[in-house]
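Note that the structure is predicted; figures quoted are calculated from it, not measured.
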Amino acid sequence: MTGVDVSPEMIALGEAEERAEPIGCRYVCQDVARFVSDEPVDVVTAFYLLNYARTADELASFCRACFRALRPGGRLVGFNDNVCNPPLPERSLSKYGLERTCRYPLREGDIIRYRITNPDGRVFEFANYYLAPATYEQTMRSSGFEGFRWIDATIDPAEHEAAFWDDFMTQKPLIAFTTVRP
């Protein structure tokens, strides 16, 4: 298993976890768009990677890197900001420790600012970029992938009666996706 991230801080966190509880993961500090795998793999996971693309060209560079890393029949799976359900100004997710702000209406490349407050009160912020669902779908096809599809977030069946999650599930700020290299 190989973890790739452009952030030296994220790589350092991964390496510290690997030292504490080894699982056989190596870490590479590099722009994913430039990463070349030593050998083809069965699965590439892109968790909160694609939403850092500011343009369709940047998204394509990420997608092509994932495609190159996969063997034929290999699968790309990931999690992303929910571009199918972007933030709305009148809706709040603050009770979940999440705030998303952006200008309206959203256009390709617009910034979506995230502010996450942990239960201990620590706050961290970051920016992601909006690209339309059709941009993702077209870019996956042009990168060589087949069968791209979005997978909606769901809630654990044990939580279905918990009204606490109603606002979160109405706004669904995250979405999964999957596609295959033919």
Side-chain angles (χ1 to χ4, degrees), residues 1 3-7 9-11 13-14 16-18 20-21 23 25 32 42-54 56 58-59 62-63 66 74-140 145 147-180:
M1 194 169 7
V4 182
D5 201 296
V6 72
S7 165
E9 294 83 7
M10 293 302 289
I11 294 298
L13 286 170
E17 287 297 316
E18 179 66 21
E21 293 186 44
I23 60 170
C25 191
V32 168
D42 295 325
V43 177
V44 169
T45 59
F47 284 77
Y48 295 103
L49 165 67
L50 302 183
N51 43 246
Y52 283 101
R54 297 174 186 176
E58 211 171 335
L59 179 63
F62 291 160
C63 293
C66 293
R75 180 170 297 277
L76 168 62
V77 297
F79 229 61
N80 209 62
D81 295 340
N82 192 344
V83 297
C84 300
N85 192 19
L88 298 171
E90 67 276 3
R91 300 276 178 102
S92 173
L93 293 171
S94 61
K95 75 179 181 182
Y96 309 105
L98 173 62
E99 296 173 52
R100 302 180 301 161
T101 57
C102 58
R103 73 174 170 176
Y104 299 94
L106 273 168
R107 293 183 299 228
E108 293 281 290
D110 278 354
I111 294 172
I112 301 175
R113 297 195 186 287
Y114 281 74
R115 179 182 173 94
I116 297 176
T117 305
N118 289 326
D120 65 4
R122 287 182 299 147
V123 173
F124 65 98
E125 298 178 356
F126 55 93
N128 286 167
Y129 301 90
Y130 175 78
L131 296 174
T135 301
Y136 280 87
E137 294 157 14
Q138 199 292 325
T139 302
M140 290 292 179
F145 286 106
F148 177 82
R149 66 187 174 101
W150 297 107
I151 303 167
D152 255 340
T154 59
I155 193 165
D156 182 322
E159 297 290 333
H160 275 278
E161 299 302 318
F164 175 78
W165 292 107
D166 289 351
D167 292 334
F168 190 89
M169 294 309 293
T170 298
Q171 297 179 67
K172 292 184 183 176
L174 39 93
I175 195 165
F177 60 86
T178 186
T179 191
V180 175

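- For the ring-ring contact (aromatic ring centres under 6.0 Å, His included) with Y136, the qualifying choice from Y130, W150, F62 is W150, the only one to do so.
- No side-chain heavy atom of P173 sits under 4.5 Å from any side-chain heavy atom of Y96.
- Remark: side-chain polar atoms of N51 are not paired, donor with acceptor, to backbone N or O of N80 under 3.5 angstrom.
- Counting heavy atoms from C-beta on, the side chains of F148 and L76 never come closer than 4.5 Å.
- Distance CG/L88 to OH/Y104: 6.0 Å, rounded to 0.5 Å.
- Within the 4.5 Å cutoff, the side chain of N85 has no heavy atoms near those of the I175 side chain.
- Between the side chain of S7 and the backbone N or O of E9, at least one donor-acceptor pair lies under 3.5 Å.
- Going from atom CZ of F79 over to atom CG of N82 covers 9.5 Å, rounded to the nearest 0.5 Å.
- Using a 4.5 Å heavy-atom cutoff, the side chains of V123 and R115 are in contact.
- Atom CH2 of W165 and atom NZ of K95 lie 9.5 Å apart (nearest 0.5 Å).
- Residues V4 and V32 approach most closely at CG1-CG2, 3.8 Å, considering heavy atoms.
- Two residues are said to be in side-chain contact when any heavy atoms from C-beta on lie closer than 4.5 Å; E58 and Y129 fail this criterion.
- Across G3 and I11, no two heavy atoms sit closer than the pair O-CD1, 4.2 Å.
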### Task
For the pair T139 and F145, evaluate side-chain contact (heavy atoms from CB on, under 4.5 Å) and give the outcome as yes or no after the intermediate values.
CA-CA 9 Å; T139 302; F145 286 106; over 6 Å; no
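- Closest approach of T135 and L59 over heavy atoms only: O-CD2, 4.1 Å.
- Between L174 and A153, the shortest heavy-atom contact is CD1-CB, 3.7 Å.
- Contact record, R100 with I112: CB-CG2, 4.3 Å, taken as the closest heavy-atom pair.
- Annotation: side chain of D42 is not in contact with side chain of R75 (no heavy-atom distance under 4.5 Å).
- Scanning both residues, A53 and L131, for their nearest heavy atoms gives O-CD1, 3.7 Å.
- Relative ring orientation between F126 and Y114 is described as parallel, the plane-to-plane angle staying below 30° on a 0-90° scale split at 30° and 60°.
- Taking CG from D166 and CD1 from I155, the interatomic distance works out to 8.0 Å, rounded to the nearest 0.5 Å.
- For M10, the CE atom is loosely surrounded, since the number of other residues' heavy atoms within 6.0 Å does not exceed 12.
- To the nearest 0.5 angstrom, R107 atom CZ is 11.5 Å from C102 atom SG.
- Between I151 and F177, every side-chain heavy-atom pair lies at or beyond the 4.5 Å cut-off.
- Annotation: side chain of Q171 is not in contact with side chain of L98 (no heavy-atom distance under 4.5 Å).
- A donor-acceptor pair is defined here as one N or O able to donate and one able to accept, closer than 3.5 Å; no such pair exists between the side chain of D81 and the backbone of V83.
- We find the CZ-CD1 distance between R122 and I116 to be 12.0 Å, quoted to the nearest 0.5 Å.
- The number of heavy-atom neighbours closer than 6.0 Å to CD of E21, taken from other residues, nucleotides and ligands shown, is 12 or below.
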